[in-house]
Student: 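This is the structure I want to talk about, given as structure tokens.
Since the model is a prediction, treat every value here as computed from it, not as a measurement.
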Protein chains: 2
Amino acid sequence: MENPFDDTYFMKKALQEAEIAFEKGEIPVGAVIVIEDRIIARAHNLTELLNDVTAHAEMQAITAAANFLGGKYLHNCTLYVTLEPCQMCAGALYWSQISKIVYGASDEERGCINLKTKLHPKTKMVGGVLQDEASQLLKRFFIEKRNLN
Amino acid sequence: MENPFDDTYFMKKALQEAEIAFEKGEIPVGAVIVIEDRIIARAHNLTELLNDVTAHAEMQAITAAANFLGGKYLHNCTLYVTLEPCQMCAGALYWSQISKIVYGASDEERGCINLKTKLHPKTKMVGGVLQDEASQLLKRFFIEKRNLN
């Protein structure tokens, strides 16, 4: 039997978080952190609501997962995030020594790949999982925002 | 009359924060954020106490300053931090659009300069202010830590 807990399964959970951000008027990015097929942190972007540039989904998820684990290192954990992490979030993930990062849509301008943010040698990163869903949600957000202004 | 509120004055305040971190057994890094010669945020590294890799002095100071200002952008603000910011903190400072960063000691291995983290075009950065005091404190911390283990 196939394992139902694949990357698509968990990215859908991250997308649900992104949709909650959308409904709150936040740039719709969502994240979950998983250990042994179990979600230990869920978060979505809250930079507007909290007036805080550090309140990206990933940052909150890292803090929540470390709190759950009782330790600051996210060994054996996987982060699922709907958008490629920025320099700040990739920098935080470097410190966390997380095992794996799975992202959805690419962010060519502000993402960590083109900006060459250093990841921890223990960290693997893959992208493109449900990228169409993630980028459609972002596009819809910016179109609606433009129409409101 | 000379302005007493120069870079050395505020870096001393950041060093006081670093000393508080030292006393708590944290890697001694401190930060303050200043607007119009007024300190609006003080913070020190709390990664061990909070079990949270994101709890660098700068990150907490950014959040506190934005909270004080009631807005997420740190225009016209200067961050004084005793150690060159890492990728995560420089990435957060990028989003904050802070006007100026003044750091003490350099961090050649994990600092944002050698790792080429992108800063906002509005941000100026200078280093080396009270660098000896900042690096002596760090050295003393690691020597004491080594002797304890």
Student: Do any side-chain atoms of residues 19-33 of chain B form donor-acceptor pairs under 3.5 angstrom with protein atoms, and if so which ones, sequence neighbours left out?
Tutor:
unit_1	atom_1	unit_2	atom_2	d
B/K24	NZ	B/H44	NE2	2.8
B/E26	OE1	B/T47	N	3.1
B/E26	OE1	B/E48	N	2.9
B/E26	OE2	B/E48	N	3.2
B/E26	OE2	B/L49	N	2.6

Student: Quick one: pull up CG in B/L93 and OG1 in A/T54 and give me the separation to the nearest 0.5 Å.
Tutor: 10.5 Å
Student: Got a second to check how far A/L50's CG is from B/K72's NZ, nearest 0.5 Å?
Tutor: 11.0 Å
Student: Please say yes or no: joined through hydrophobic side-chain contacts below 4.5 Å, possibly via intermediate residues, are B/L69 and B/I101 part of one cluster?
Tutor: yes
Student: Highest number of heavy-atom pairs under 4.5 Å with chain A: which of B/I62, B/N67, B/L115, B/V53?
Tutor: B/V53
Student: Kindly work out whether a path of hydrophobic side-chain contacts (I/L/V/M/F/W/Y, heavy atoms less than 4.5 Å apart) joins A/L15 to A/V129.
Tutor: yes
Student: What distance separates A/Q87 CD from B/M88 CE, expressed to the nearest 0.5 Å?
Tutor: 13.0 Å
Student: Would A/I35 end up clustered with A/F5 when hydrophobic side chains under 4.5 Å apart are linked, directly or stepwise?
Tutor: no
Student: In this structure, would B/V81 and B/L137 fall into the same cluster of hydrophobic residues linked by side-chain contacts under 4.5 Å?
Tutor: yes
Student: Check for me, please, whether A/L138 and A/M11 land in the same ILVMFWY cluster - side-chain distances under 4.5 Å, paths through other members count.
Tutor: no
Student: Taking atom CG of B/N114 and atom NZ of A/K118, what is their separation to the nearest 0.5 Å?
Tutor: 10.0 Å
Student: Give a yes or no on whether the backbone of B/G70 and the side-chain of A/N51 come within a donor-acceptor separation of less than 3.5 Å.
Tutor: yes
Student: Taking A/C112, A/A92, A/A90 one by one, which has the highest count of heavy-atom pairs under 4.5 Å against chain B?
Tutor: A/A92
Student: Atom OH of A/Y94 and atom SG of B/C86: how far apart are they, to the nearest 0.5 Å?
Tutor: 9.0 Å
Student: If you round to the nearest 0.5 Å, how far is CE of B/M59 from CG of A/D52?
Tutor: 8.0 Å
